[in-house]
Amino acid sequence: MIEWSDATIKEFQTTLLAWYDANRRDLPWRQDHDPYHVWVSEIMLQQTQVNTVIPYYQRFMASFPTVEKLAQAPEEQLLKAWEGLGYYSRVRNMQRAARQLLTDNGGQWPHTKAELQKLVGIGPYTAGAIASIAFNQPEPAVDGNAFRVFSQLLEIDADITKPQSRSLFEEVIRKIISKDRPGDFNQAIMDLGSSYMTAKNPDNEHSPVKKFNQAYLDGRLDEFPVRSKRLKPVDKQYFALVIETPGGFLFQQRASNELLAKLWLFPLVDADQLKESHPELNATTIIKAVEEKFVSETEIQTELQLIDTPIVNHTFTHQKWHVTLLYAKLQEELDLSHFSGKVVPVKKFATLAWPTVQKKLWQAFKKRQIQLF
DNA sequence: GAGGCGTGGTT
DNA sequence: TAACCAAGCCT
């Protein structure tokens, strides 16, 4: 790792901010420095690309224009607004933080990074972003871009996946950040990281800061940033039960402590669990076992059938689901006193927050329907 | 500190 | 397809 002189730091700040002034992206959350606007955008942008966030941000602001509106919103409405964006605990934590702010702080935003970080869902990055952008505090905001940009500029070889490395980068950036325009400095680093100093196909030859980029000058770009490999997603097998009744289809809400918490899916049966407790089951008999399990839970006699192309695959960060669709059409309404779910007519599907895997399941089922007629 | 938590785009 | 990446946080 190299170090910069005070003169180099000054020159870097001037170069970076001049480039930013001329080339900054015009994004919906850059209209002003309202802490609520900065906060919502930063939460949405966590591990999520700018182009994905833009329409969500605009809809969210139309529905929940203030901290008060957010605090008062029904949770189902929040999840619906977040549908398809992923990491759904973000929006539930945002509502908790909104309520924290209103009850503990009288609705007043704290101005310091340390105080901001006490709000649930606001970690070191987001606290730094809000403190610098909304309140002009000279705090680093170290995201993936900052890790990549500064590791290359200064040839920092700390493994960025280790929590300790964040402190090192924050110390380094604290010395380099513009004390006059910290918010613009942090945003300029992000714009740089998503234009010239990208993870793939970077264009350092035309980068405004190429002469400050030590790894580039040394031909060692491929060595930075240093990051350890991630784990492969674990395979999981499920059956999805598509139960059609006169009143609609059966849905179940995911428990609050599991993946896709509080979202709505067709009822799932864990096939791996079933195979473990009944090792004698084969591909055919396991479907009967799923049926028996459903019948015993609902006390509704029914026959599950395999549909034509029943397998839906969906990959999460750490799990890969292989879901087999089973279908049953019932002539009478379900008695839900023994089952934690609800029957929803197709017309009302849009009121439920569906994760992407449920959208895939429904598409696969609909495709099968078309083949019937 | 390591692993859980989503999705969409790119290669 | 598999692997990697993108404005991370919580436990």
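Every value quoted in this text rests on a predicted model; they were computed, and no experiment measured them. The chains referred to below are lettered A, B, ... by the order of the sequence lines, with proteins before strands, and numbering in each begins at 1.
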If we ignore hydrogens and angles and just use 3.5 Å, is the side chain of A:Thr48 paired with the main-chain N or O of A:Gln46 as donor and acceptor?
yes
For A:Trp82, which contact category applies under a 4.0 Å heavy-atom criterion: base, sugar-phosphate, or nothing?
nothing
Can you pull the contact range of chain A along DNA chain C, 5' to 3', using atoms under 4.0 angstrom from its heavy atoms?
C:dA2 to C:dC10
Contact class for A:Val120 vs. all strands (heavy atom < 4.0 Å): base, sugar-phosphate, or nothing?
sugar-phosphate
Taking the side chain as C-beta and beyond, is there a heavy-atom pair between A:Trp321 and A:Leu268 under 4.5 Å?
yes
Which part of the nucleic acid, if any, lies within contact of A:Ala129, taking any heavy atom under 4.0 Å across all strands shown: a base, the sugar-phosphate backbone alone, or nothing?
nothing
Contact letters for nucleotides 4-11 of chain B, in which S counts primed atoms plus P, OP1 and OP2 and B counts the base, heavy atoms under 4.0 Å
SBBBB-BS
With heavy atoms under 4.0 Å as the rule, sort A:Arg166 into base, sugar-phosphate or nothing.
nothing
What does A:Arg30 touch in the nucleic acid at a heavy-atom separation under 4.0 angstrom: a base, only the sugar-phosphate, or nothing?
base
How far does the P atom of B:dG3 sit from the matching atom of C:dC4, given to the nearest Å?
16 Å
With a non-hydrogen cut-off below 4.0 angstrom, is A:Leu27 in contact with a base, only sugar-phosphate, or nothing?
base
Is the cationic atom of A:Lys175 (NZ for Lys, CZ for Arg) positioned less than 6.0 Å from the six-membered ring centroid of A:Trp4 and within 45 degrees of its normal?
no
Sugar-phosphate, base or nothing in reach of A:Arg92, heavy atoms under 4.0 Å
nothing
Roughly how many Å apart are B:dT11 and C:dA7, using the P atom of each and rounding to a whole number?
15 Å
What distance, rounded to whole Å, do you find between the two C1' atoms, one in B:dG1 and one in C:dC9?
14 Å
